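Here is the structure we will look at, set down as C-alpha cells.
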Amino acid sequence: MADRITVIGWDGTPLTEAAGAALAAATLVAGAPYQLGALPVPDAAERITLGNIQQAAKKIAEHRGAAVVVAEGDPGFFGVVRALRRPEYGLELEVLPAVSSVAAAFARAGMPWEDAQVVSAHGGRLRRAANICRAHAKVAVLTAPGAGPGELALMLRGVHRTFVVCEALGTPEEDVTVLTSDRIADHVWRDPNVVLVIGGTAQAGAVDEAAGWLAGRPVGYPGAERGWALPADAYAGAGRAEDGAGASGALPAHVRALVLARLGARPGDLVWSVGAGSGALAVEAARFGAAVVAVEASRSACARLTVNARRYGVEVETVHGHGPEVLGGLPEPDAAVVESGGLDVVRAVLARKPERFVALARTFAEAEEVFRAITEAGYRADGALLQSTPLRSAGEGGALELGAGAGGALLLWGEQIV
C-alpha cells in the first residue's frame, strides 16, 4: 500500500504550498492528461491517467511510495474521493480541495447557489438529471461525454430554460456561454463542462427572505404550508365539479394521500397526472421533488393549475388536451395517475410502461375493467374502496357528530413485476 496518498483538487490556479510539496515528493501521480501535462509532476514519478477509477485505485493501493491523485476542483464533491474511499482498497487519504467546478460556475454567473440542486449526468443518469431540471428553477448539472448540454437540452425540449454552459473551467480555454435551451443544440461543446439550468415559474414565486439557512432547500419551500394532502380548499378552484374527480369535485385529502403513497414520487422521477383538474395532486407530487406533467382538457382548469403551482413554489408542466391523443408527445413517465378520462386513457398510459400506476374509477364496473387492464399490461394490481365521513363539533362541551359524508373513492394501482 502507498505510504502516503494525497488527493489534490486543482481549479487552474497556482497550487497551495501543501499541494505543491505533496506533488514534488510524489513517486506516483494520477490525473487527467491535461492535468499531468500542466502541473510540475516529478520526472521520476510514475504517471497514471485517470480513466478507469477502479483500475487506478488498485495500482495506487499496490504502489509503495508517496502517491498523489489530481482531480478537478473539490474532489470530495462528486469526485474521486468517494471511489478511492471504497473499503476494498483500504486507502487512507489526505484531501487538499480547491474551489469546486459548481462553485466556480455559479461565481462566473454571479449567482448565489445555496438554493440550487446539483446533479450528475454521469453513469447513464441524464434522464433523471433532466427531470430535476424540469422540477427546479436552479440546477447545476455535471455533464459527461454523451450527456452534455446538447443532449440535456434535447431532453428538455418544450421546457423553456436558460443554460449557462461553463467549458474548461480553470484552464486557459475557459469559456462561459449563456443561451436559451432551444439554441443549445446549435453548438458543439467541449468537455469538461458544467451547465447551470435556470428559470421556471417556481423561481418567480420564490421568497428571498426565507432563503439562506438550508442548502438545496426542499421543493415547495418557502411559501408552502407544512405537510401534504392538504384540504381541498387549499387549492384554487378545487371545489369545481370538473376538477379531478368528475361530479364529486376535487379528490379528498385522504384519497390524495394514498395516491401519493402508491406513486412514490421522488426527485429524478417524472410523474404524469392525467385529467389533473386544478392540480391539487399534481402540485403535491411536485412538492415531493418529482418533475410533473399535468394533462387537462379544460382550459380554465389549466389556468387554475398554474396558479396553484405558483402558490406552492413548484414546477408543473401543464398540457392542454384530452388523452390518449396528447400523450404520445410527452416524455417517458416513471409514475402516472389517471384522475379522470376513462378506460382508453388508462390503457394509453399503461402502454408507456410507468413503474407505478394509479387510476380512479367512477363505478365498480369501471374498476373491474381498470383492474383487468392493469393486470393485462403486466403489473401487479391491487385496489381499495376508500370511504370516510368527516367529524364536526356538535356544539358546546366538545361533543362530535358525523358530518355530511365525503363519499367513496375507487382506487386501483399497479407496480411493474420485476
Side-chain angles (χ1 to χ4, degrees), residues 78 102 113 115-144 146-165 180-182 184-185 194-203 216-221 228 259-260 262-274 276 279 281-295 305-306 309 312-319 326-337 349 352-358 415-416:
F78 286 101
V102 174
W113 64 288
D115 56 342
Q117 307 297 312
V118 182
V119 295
S120 173
H122 291 247
R125 295 184 177 89
L126 177 63
R127 178 175 169 276
R128 299 191 69 80
N131 286 339
I132 294 292
C133 295
R134 286 176 176 272
H136 295 267
K138 185 186 291 185
V139 183
V141 182
L142 301 170
T143 63
E151 292 83 359
L152 181 62
L154 184 63
M155 285 278 186
L156 292 173
R157 61 186 181 277
V159 179
H160 181 76
R161 292 290 188 272
T162 297
F163 277 41
V164 182
V165 183
T180 53
S181 52
D182 58 321
I184 290 294
V194 177
V195 181
L196 309 183
V197 183
I198 310 296
T201 57
Q203 186 183 48
R217 64 178 183 252
V219 176
Y221 175 90
W228 48 280
V259 173
L260 290 165
R262 295 306 177 191
L263 289 176
R266 59 184 178 176
D269 284 350
L270 178 64
V271 176
W272 285 4
S273 178
V274 183
L281 185 57
V283 167
E284 291 188 332
R287 291 179 66 202
F288 279 97
V292 179
V293 176
V295 179
L305 197 156
T306 300
Y312 291 99
V314 296
E315 293 287 332
V316 175
E317 181 182 348
T318 304
V319 177
V326 300
L327 302 180
L330 300 185
E332 297 303 314
D334 297 286
V337 53
V349 173
R352 297 293 289 274
K353 298 298 182 183
E355 292 180 17
R356 290 169 173 252
F357 173 81
V358 180
E415 296 182 12
Q416 282 189 356

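For clarity, every value in this text was computed on a predicted model and none was experimentally measured. All heavy atoms count here, side chains included; hydrogens, waters and symmetry mates do not.
Here the straight-line distance linking atom CH2 of Trp272 with atom CD of Glu317 works out to 11.5 Å at 0.5 Å rounding. Here the CD1 atom belonging to Ile198 is positioned 9.0 Å from the SG atom belonging to Cys133, to the nearest 0.5 angstrom. In this structure, CD on Glu332 lies 12.0 Å from NZ on Lys353, to the nearest 0.5 angstrom.
The shortest heavy-atom contact between Ala140 and Leu196 is CB-CD2, 3.8 Å. Nearest heavy-atom pair across Val316 and Ala294 is CG1-CB, 3.8 Å. The two residues Val326 and Leu330 make their nearest non-hydrogen contact at O-CG, 3.7 Å. Between Val292 and Leu270 the shortest heavy-atom distance is N-CD1, 4.2 Å. Of all heavy-atom pairs between Ile132 and Gly268, the closest is CD1-N, 3.3 Å. Scanning both residues, Tyr312 and Arg287, for their nearest heavy atoms gives CB-CD, 4.3 Å.
Between Val349 and Val274, the closest side-chain pair of non-hydrogen atoms falls below 4.5 Å. Considering only heavy atoms from C-beta on, Val102 comes within 4.5 Å of Leu142 through its side chain. Put simply, the side chain of Ser273 does not reach to within 4.5 Å of the side chain of Val295, judged on heavy atoms. In this structure, the side chains of Val293 and Val319 come closer than 4.5 Å at one or more pairs of heavy atoms.
For Arg352, the CZ atom sits in a packed shell: over 12 heavy atoms of surrounding residues, nucleotides or ligands are nearer than 6.0 Å.
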Test salt bridge (charged side-chain N to carboxylate O under 4.0 Å, His left out) applied to Glu315 and Arg134, step by step | CA-CA 7 Å; Glu315 293 287 332; Arg134 286 176 176 272; over 6 Å; no
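Here Arg128 pairs with Arg266, Asp269, Asp334 under the side chain to side chain contact (heavy atoms under 4.5 Å, CB included) rule; sequence neighbours left out. For Glu355, there are no salt bridge (Lys or Arg N to Asp or Glu O under 4.0 Å) partners at least two apart in sequence or on another chain.
Without hydrogens or angle criteria, His122 side chain to Thr143 main chain gives a donor-acceptor distance under 3.5 Å.
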N/O donor to acceptor pairs below 3.5 angstrom from side-chain atoms of residues 147-159, sequence neighbours left out:
{"from": "Glu151", "atom 1": "OE1", "to": "Gly148", "atom 2": "N", "distance (Å)": "2.9"}
{"from": "Arg157", "atom 1": "NH1", "to": "Leu154", "atom 2": "O", "distance (Å)": "2.9"}

